[in-house]
Amino acid sequence: MNVEELGWDPLTLGEIDHRDVCAPYVRLSSFLEGAAGDVTYVYDLRVTQPNNSYLTTDILHSFEHLLLAGFREHMPDSFVSVAPMGCQTGFYLILQNEGRFEEVARVYQAILDGIIAADEVPYASPDNCGQAIHHDLGGSKDLARTLLAARAQWGQVF
Ligand SMILES: [Zn+2]
């Protein structure tokens, strides 16, 4: 696997020193090639600066829902999962057979544009969510605007 051809800096793969990063960024952290040739890619969508600033849990929660709906809509053939980081500074994204930085960034940007225009948090009902009262759509829109303003630096991890 040549990750440079996919648009990634090979030095940002694997374990990295969280004191050296500059958020927000999109990082390929690992990948796994299966016996049949399919490739699973694991990404960090880092949104706040580690050990410096953190998302509130209601924004983290709403953003998780919004990203889930967005990736399901925009990448139905490759989206596997998105989940919040326990440190409240970002999200883990898992895709199958989509490893191109530009494509991941294009879809992420489209999802963030959609969040700004959203009039509700998806799946925020007791039948779909484990804490349906714990959401913040306005805070999520502010976060989306902050991330979009930094679009030009998403590929720069350090
Ligand atoms: Zn939920």
Side-chain angles (χ1 to χ4, degrees), residues 8 12-16 18-19 21-32 34 38-151 153-157:
W8 307 99
T12 65
L13 266 171
E15 297 297 318
I16 58 171
H18 286 58
R19 296 168 298 183
V21 302
C22 185
Y25 59 82
V26 177
R27 178 176 83 99
L28 175 64
S29 62
S30 66
F31 59 87
L32 182 66
D38 291 300
V39 184
T40 303
Y41 296 91
V42 182
Y43 301 100
D44 289 349
L45 305 176
R46 185 77 60 177
V47 302
T48 68
Q49 186 63 28
N51 299 297
N52 181 271
S53 63
Y54 320 95
L55 299 179
T56 62
T57 54
D58 48 3
I59 293 175
L60 187 78
H61 184 197
S62 293
F63 225 74
E64 174 207 354
H65 281 224
L66 289 155
L67 291 174
L68 175 64
F71 281 107
R72 279 178 172 170
E73 178 190 346
H74 288 271
M75 296 187 128
D77 297 327
S78 51
F79 174 67
V80 177
S81 178
V82 67
M85 295 178 177
C87 56
Q88 301 168 226
T89 68
F91 300 86
Y92 300 109
L93 171 67
I94 303 173
L95 301 178
Q96 187 172 51
N97 296 329
E98 182 50 75
R100 297 169 294 175
F101 169 77
E102 283 302 333
E103 180 62 9
V104 175
R106 183 190 69 77
V107 169
Y108 188 31
Q109 182 174 349
I111 291 170
L112 295 175
D113 284 334
I115 289 173
I116 291 170
D119 49 24
E120 62 177 8
V121 177
Y123 320 120
S125 56
D127 57 324
N128 282 315
C129 176
Q131 195 178 176
I133 59 169
H134 192 64
H135 284 284
D136 183 350
L137 180 60
S140 297
K141 292 185 180 210
D142 289 343
L143 176 60
R145 289 188 193 95
T146 299
L147 294 171
L148 285 167
R151 168 68 180 86
Q153 71 175 76
W154 286 357
Q156 204 68 36
V157 175

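Count residues from 1 along the sequence. In listed order, ligands and their atoms are each counted from 1.
Few gaps surround CD on Q109; more than 12 heavy atoms of other groups in view lie less than 6.0 Å from it.
Applying the side-chain hydrogen bond (donor to acceptor under 3.5 Å, both in side chains) rule to pairs touching residues 67-88 yields R72-Y123, sequence neighbours excluded. Applying the salt bridge (charged side-chain N to carboxylate O under 4.0 Å, His left out) test to residues at least two apart or on different chains, the pairs with a partner in residues 91-101 are E98-R100.
In this structure, T146 has no side chain to side chain donor-acceptor pair (under 3.5 Å) partners at least two apart in sequence or on a different chain.
In this structure the side chain of F71 reaches within 4.5 angstrom of the side chain of V107, judged on heavy atoms. Side-chain atoms of D136 and F63, non-hydrogen and from C-beta on, never get closer than 4.5 Å to each other.
Less than 2.8 Å away from the Zn ion (ligand 1), the protein contributes these N/O/S atoms: H61 NE2, H65 NE2, C129 SG.
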